[in-house]
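Following: one structure in structure tokens, then a few remarks.
Worth knowing before you read on, the calculation uses all heavy atoms, side chains too, and leaves out hydrogens, waters and symmetry mates. Numbers restart at 1 for each chain; the letters A, B, ... are given by sequence-line order, proteins then strands. Note that the coordinates shown come from a computational prediction; the quantities given were computed from them, not determined experimentally.
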Amino acid sequence: MGLSELGQCIEHYVAESSKYRLFPYISGDEKYSELDSIAEVISENTPTVRWEREVRVAGRVMALRIHGALAFADLVNEGYRIQLYLTKDALKESYDWFTDNVRRGDILWAKGKLFRTRRGELSINVSQYSLLAKSLIALQHTWIGIEDPELRYRKRYLDLVLNKESFEVLKARFNILKEIRLRMYQQGFYEADTPIIQPIYGGAAANPFKTFVNAFSEEWYLRIAPELYLKRLLVGGFNKVFEVAKVFRNEDIDVTHHPEFTMMEAYIAYANYEDMMELAEELIHSIAVKLVGSSIIRYPIDIEKCGRGVIDEMDDDVVAELLEYTLWSYSGFRKKQGVSKSDLDEFKKDPVGYLYKAVGEPRLYVELDLKPPYPKVKLLELLKEHLGIDPDTAPDEHLIKLLEEKQVVLKGGYSRDIALVKLFEHYIEKSLVKPVFVIDYPKGSSPLAKPHRADPRLVERFELFIGGMEIANGYTEQNNPYEQYIAFRDQEERRRLGDVEAQEADYDFVEALCVGMPPAGGIGIGVDRLIMLFTGKTSIKEVMPFPMVKKRFK
RNA sequence: GGGCCCGUAGCUCAGCCUGGUAGAGCGGCGGGCUUUUAACCCGUAGGUCCCGGGUUCAAAUCCCGGCGGGCCCGCCA
């Protein structure tokens with residue numbers, strides 16, 4: 001909509017509002033507290049909805065079918081739909097007002113008795129109704145919806161009204177956020193709220209958003225992580241803290257990255273990284289059980305990136321079933337077609353080519369069992385297994401050559417530890433489809449983690465991968481102020497050498513450690529990516545309420 | 001930063017290759033219709049073909065540049 005169309009919308013309002021009130025105040029039966037939930041009404045026989053009494057509902061009219069002196073309207077509220085049945089016999093002149101004035105998109109209140117139509121559909125025989133809000137813009141039929149991604153992201157409210165799938169995804173998001181908080185509360189965590197505007201940005205490696213604090217005449221930053229403040233709370237005496245934190249990284253947008261995203265960080269005093277792995281797997285499992293009622297989810301995996309290994313280890317009938325599900329899903333769950341033996345053979349011969357042809361991208365739904373415990377694999381062993389690199393003996397030249405093949409540039413100079421992690425990320429990460437903890441990273445890659453109790457060249461760090469995505473990252477936290485000081489110094493040196501994303505040294509944090517931080521475990525969970533897993537979405541924007549789009553009034 | 005694709009009515013799209021009157025369905029508006037559910041039937045309005053430039057007698061169509069978007073690669077430890 002351009003400015004001129006907004007003008008038309010306003011003119012439409014002025015013209016229409018002279019006839020009747022388009023946006024009345026509500027009172028009495030129309031109040032939220034007096035309404036029956038459509039979700040409960042359609043589930044029947046609930047304690048609060050009895051057949052013999054009238055129900056009172058409100059929602060948006062999403063379809064109208066007018067047959068002269070009889071009309072049907074689909075009323076939708078929070079994703080649930082019920083049919084209104086209106087007749088001239090019952091409503092007299094207010095029936096004519098309805099057919100003359102009520103349009104798709106309007107928000108309506110109605111009351112009447114439940115009954116079933118000849119076709120058997122549960123409906124409300126409306127005895128009274130009122131218009132609560134007028135839609136001045138003509139809405140689409142939901143079965144066409146809107147598909148243009150730009151329009152869907154810019155006008156998310158339209159997307160949510162018209163595309164049920166989008167509404168359900170956000171509903172899942174909010175339920176997951178709720179479940180995370182509930183689980184953390186149950187386990188005795190305090191939900192902390194630490195500063196979003198910070199004088200020094202720390203706790204991760206990323207470009208910050210800069211801002212200016214007028215009161216101090218100083219340049220500050222939007223946080224890239226809450227880590228260093230949550231750990232200060234451990235110093236201050238809290239044992240279990242977490243924060244569902246919006247964090248901000250001034251970097252590119254792609255299908256798994258967004259400048260503003262949500263991270264759940266949690267810290268436990270007198271714990272280590274093993275405890276944090278347990279926390280992660282149990283949290284994820286409980287979300288699965290709550291949300292899908294099972295520990296098994298289906299997610300569309302990029303076979304081109306992760307390799308055909310996942311397919312080869314499944315039985316043929318499982319592959320056939322998943323392929324059928326994939327085709328069905330990509331058809332918008334409309335046409336369900338069987339997969340014949342020859343289809344399956346063709347698919348197994350060239351899965352990537354087959355998928356490109358059939359669904360346009362090389363993705364196959366696979367089943368992921370989120371039931372703990374998840375296997376733990378040492379990073380260095382993965383490098384041995386996948387790349388044949390012995391971390392103790394492999395010459396640096398060999399590592400550099402492998403990195404060059406993937407066009408990876410190490411900013412801030414070569415570091416063997418960082419090179420090893422980069423190799424893992426570029427050669428192995430995408431193939432980690434089933435839940436797995438990768439553990440024990442080279443020391444130089446993680447300045448905030450505590451050295452490994454058995455091998456000082458490593459740190460006690462883990463990352464959790466599911467569906468080829470990094471979902472969580474945790475450590476046994478560094479609580480030795482001297483070692484933290486040295487690690488920050490090294491980071492500053494890397495910054496000097498051009499690694500703009502090396503961490504900024506936070507010497508006040510070192511001072512906090514000097515006061516004494518108990519040994520602790522910490523974790524950060526990428527909430528948006530977790531939501532992607534549970535909603536089957538392959539783009540982070542799809543699971544964000546209002547993803548960023550360039551400024552433009554359209 | 002590099003590559004591929006897209007931008008036409010409110011929405012979903014056809015037309016573009018091969019230049020020659022701006023199209024369909026849905027939606028809107030008007031009329032009809034008492035058990036429909038993608039209701040149906042009749043009628044009707046609706047366009048900066050993303051923007052700018054070029055080629056041409058003639059550009060939605062061909063060429064160049066830009067804007068916006070999607071996907072892939074790189075970067076994001």
Side-chain angles (χ1 to χ4, degrees), chain A residues 1-2 4-5 8-9 12 62-74 81-90 95 99-100 103-105 115-121 123 125 137-155 158-159 162-163 204-207 224 249-259 261 302 304-305 360-362 406-412 415 417-426 429 441-442 444-449 459 461 463 470 473 491 494 499-503 538-539 541-542 547 549-552 554:
Chain A
M1 181 190 278
S4 63
E5 286 150 299
Q8 281 172 19
C9 176
H12 187 188
M62 291 310 296
L64 273 174
R65 295 174 291 281
I66 296 171
H67 302 243
L70 163 70
F72 300 91
D74 290 344
R81 185 195 77 97
I82 195 164
Q83 178 169 267
L84 302 182
Y85 173 91
L86 305 97
T87 59
K88 185 153 187 167
D89 291 344
Y95 178 85
T99 53
D100 286 348
R103 294 291 179 268
R104 178 185 302 108
F115 78 110
R116 286 195 182 275
T117 60
R118 262 182 221 167
R119 296 282 176 94
E121 174 155 356
S123 307
N125 190 352
I137 295 169
L139 296 187
Q140 279 325 102
H141 233 153
T142 48
W143 61 270
I144 292 182
I146 51 175
E147 291 185 3
D148 177 10
E150 182 180 359
L151 182 59
R152 289 184 46 232
Y153 295 148
R154 280 187 194 281
K155 310 266 169 211
L158 268 183
D159 182 33
L162 294 172
N163 298 331
N207 276 319
I224 57 172
R249 299 185 182 177
N250 209 342
E251 281 153 9
D252 278 349
I253 299 175
D254 66 33
V255 286
T256 51
H257 296 85
H258 193 269
F261 67 103
D302 188 328
E304 194 168 21
K305 281 185 197 155
E361 52 184 20
K406 289 276 185 182
Q407 295 166 290
V408 181
V409 185
L410 294 182
K411 284 180 281 190
S415 145
D417 283 358
I418 291 177
L420 290 170
V421 175
K422 286 272 186 187
L423 284 173
F424 162 70
E425 286 169 1
H426 286 89
E429 184 179 312
Y441 284 59
S445 68
S446 313
L448 296 164
V459 287
R461 174 186 179 186
E463 287 186 299
E470 180 196 337
N473 179 18
Q491 288 292 307
R494 290 193 65 78
D499 185 352
V500 290
E501 277 153 3
Q503 300 196 20
T538 55
S539 163
K541 284 186 175 182
E542 287 291 339
V549 272
K550 276 205 166 191
K551 279 196 220 178
R552 191 163 63 122
K554 186 188 167 188

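Applying the side chain to side chain donor-acceptor pair (under 3.5 Å) test to A/Asp159 and every residue at least two apart in sequence or in another chain returns A/Arg152, A/Arg156, A/Asn163, A/Ser166. Residues passing the salt bridge (charged side-chain N to carboxylate O under 4.0 Å, His left out) test with A/Arg249: none are found, sequence neighbours excluded. Applying the ring-ring contact (aromatic ring centres under 6.0 Å, His included) test to A/Tyr85 and every residue at least two apart in sequence or in another chain returns A/Phe72, A/Phe115. Contacts of A/Glu463 classified as salt bridge (charged side-chain N to carboxylate O under 4.0 Å, His left out), with partners at least two apart in sequence or in another chain: A/Arg461. A/Tyr441 is linked by a ring-ring contact (aromatic ring centres under 6.0 Å, His included) to nothing, counting only residues two or more places apart in sequence or in another chain. Taking A/Gln83 as the reference, A/Arg65, A/Ser123 meet the side chain to side chain donor-acceptor pair (under 3.5 Å) condition, with sequence neighbours excluded. Partners of A/Arg81 under the salt bridge (charged side-chain N to carboxylate O under 4.0 Å, His left out) rule, at least two apart in sequence or in another chain, are A/Asp74, A/Glu121. By the salt bridge (charged side-chain N to carboxylate O under 4.0 Å, His left out) test, A/Lys406 is found to be paired with no residue, residues two or more places apart in sequence or in another chain being considered. By the ring-ring contact (aromatic ring centres under 6.0 Å, His included) test, A/His257 pairs with no residue at all, sequence neighbours left out.
Put simply, NE2 on A/His67 is 7 Å from P on B/U37, counting in whole angstrom units. Rounded to whole Å, the distance from CG on A/Leu151 to C1' on B/G10 is 10 Å. Straight-line distance from the CZ atom of A/Arg154 to the C1' atom of B/G7: 13 Å, rounded to whole Å. One interatomic measurement links the two molecules: CE of A/Met62 to P of B/A39, which rounds to 11 Å at whole-angstrom precision. Look at CG on A/Asp100: it is 12 Å from C1' on B/G31, rounded to the nearest Å. As a whole-Å value, the separation of A/Asp148 CG from B/C50 P is 13 Å. What separates CG of A/Asn163 from C1' of B/U12 is a distance of 12 Å, to the nearest Å. Rounded to whole angstrom, the span from the CD1 atom of A/Ile146 across to the P atom of B/C13 amounts to 12 Å.
Candidate nucleotides B/U37, B/U35, B/U12 were compared by shortest atom distance to the side chain of A/Glu147, and B/U12 ranks first.
Comparing the C1' positions of B/A59 and B/C64 gives an interatomic distance of 14 Å, to the nearest angstrom. The gap from the C1' atom of B/G3 to that of B/G74 amounts to 11 Å, rounded to the nearest Å. Spacing between B/C26 and B/A39 at atom C1', rounded to whole Å, works out to 14 Å. B/G25 sits 23 Å from B/G20 when the P atoms are compared, rounded to a whole Å. Here the separation of B/G66 from B/U21, taken at their C1' atoms, is 31 Å to the nearest Å. B/U48 and B/A22 are spaced 14 Å apart, taking the P atom of each and rounding to whole Å. Taking atom P on both B/G54 and B/G7, the two are 24 Å apart, rounded to the nearest angstrom. Of the P atoms belonging to B/C17 and B/C50, the separation is 15 Å, rounded to the nearest Å.
Taking 3.5 Å as the limit, the base of B/U36 and the side chain of A/Arg65 contain a donor-acceptor pair of atoms between them.
In this structure, A/Leu64 and A/Arg119 both approach RNA chain B, and ranking their closest nucleotides by distance from the 5' end singles out A/Arg119.
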Exercise. Quick one: what's the B/S/- string for nucleotides 23-28 of chain B, heavy-atom cutoff under 4.0 Å, read 5' to 3'?
Worked result: --BBSS
For this session: Take nucleotides 70-77 of chain B nucleotide by nucleotide from the 5' end and write B, S or -, depending on whether a protein heavy atom sits under 4.0 Å from the base, only from the sugar-phosphate, or from neither.
Result: SSSSBBBB
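Nucleotide B/G68: paired with B/C6 (Watson-Crick or G-U wobble, both distances less than 3.5 Å). A 3.5 Å limit on both hydrogen-bonding distances identifies no Watson-Crick or G-U partner for B/U55.
In this structure the side chain of A/Lys541 reaches within 4.5 angstrom of the side chain of A/Ile253, judged on heavy atoms. Using a 4.5 Å heavy-atom cutoff, the side chains of A/Ile224 and A/Asn250 are not in contact. Side-chain contact between A/His141 and A/Arg104 is present, with heavy atoms from C-beta onward closer than 4.5 Å.
Other residues, nucleotides and ligands contribute at most 12 non-hydrogen atoms within 6.0 Å of the NZ atom of A/Lys88.
Taken residue by residue, residues 83-90 of chain A places heavy atoms nearer than 4.0 Å to RNA chain B at A/Gln83, A/Tyr85, A/Asp89.
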